[in-house]
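Predicted, not measured: the structure shown is a model, and the values here were computed from it. FYI, side chains are in, hydrogens and waters are out, and symmetry mates aren't considered; it's all heavy atoms of this structure.
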Amino acid sequence: MKNIYVFLACLLLIACQNNAQPQDPIPTHDSFTIESKILSETRTINVWTPPNYKKVVTL
C-alpha cells in the first residue's frame, strides 16, 4: 500500500512540473481604442491583416 502512495506522489510531481510555454511571435497589427458606454471602460481592438493586404495593386 505504501508503494502505491509513493508512486502516486511521484506521478503528481511529474505532472505538476512548470514547463515553459513556447513564445509565439505577435504579428504586425493596427490597434485602436473605443469607449464602451455599457461597460464603462476603454476597450482595445487589435486588427491583424495578411502581409500583402496593404500593397497597392497597379495595373
For [X], all residues meeting side-chain contact (heavy atoms from CB on, under 4.5 Å), sequence neighbours excluded:
X: Tyr5; answer: Met1
X: Ser40; answer: none
X: Pro50; answer: Asn52, Tyr53
X: Asn3; answer: none

### Message
Within a 6.0 Å radius of atom CD1 on Ile26, are there more than 12 heavy atoms belonging to other residues, nucleotides or ligands?
### Response
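12 or below, so no.
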
### Message
Ignoring hydrogens, what is the shortest heavy-atom contact between Thr28 and Trp48? Give both atom names and the distance.
### Response
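Scanning both residues completely, I find the closest heavy atoms to be O-CD1, 3.4 Å.
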
### Task
Could you tell me which non-hydrogen atom of His29 sits nearest to which non-hydrogen atom of Asn46, and how far apart they are?
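What the structure gives for the nearest pair is CD2-OD1, 3.6 Å.
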
### Task
Only pairs at least two apart or in different chains count here, so list each salt bridge (charged side-chain N to carboxylate O under 4.0 Å, His left out) that has a residue in residues 5-18.
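The answer is none; no pair qualifies.
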
### Query
Taking only residues at least two apart or on different chains, which pairs with a member in residues 32-47 satisfy salt bridge (charged side-chain N to carboxylate O under 4.0 Å, His left out)?
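Those involving residues 32-47 are Glu41-Arg43.
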
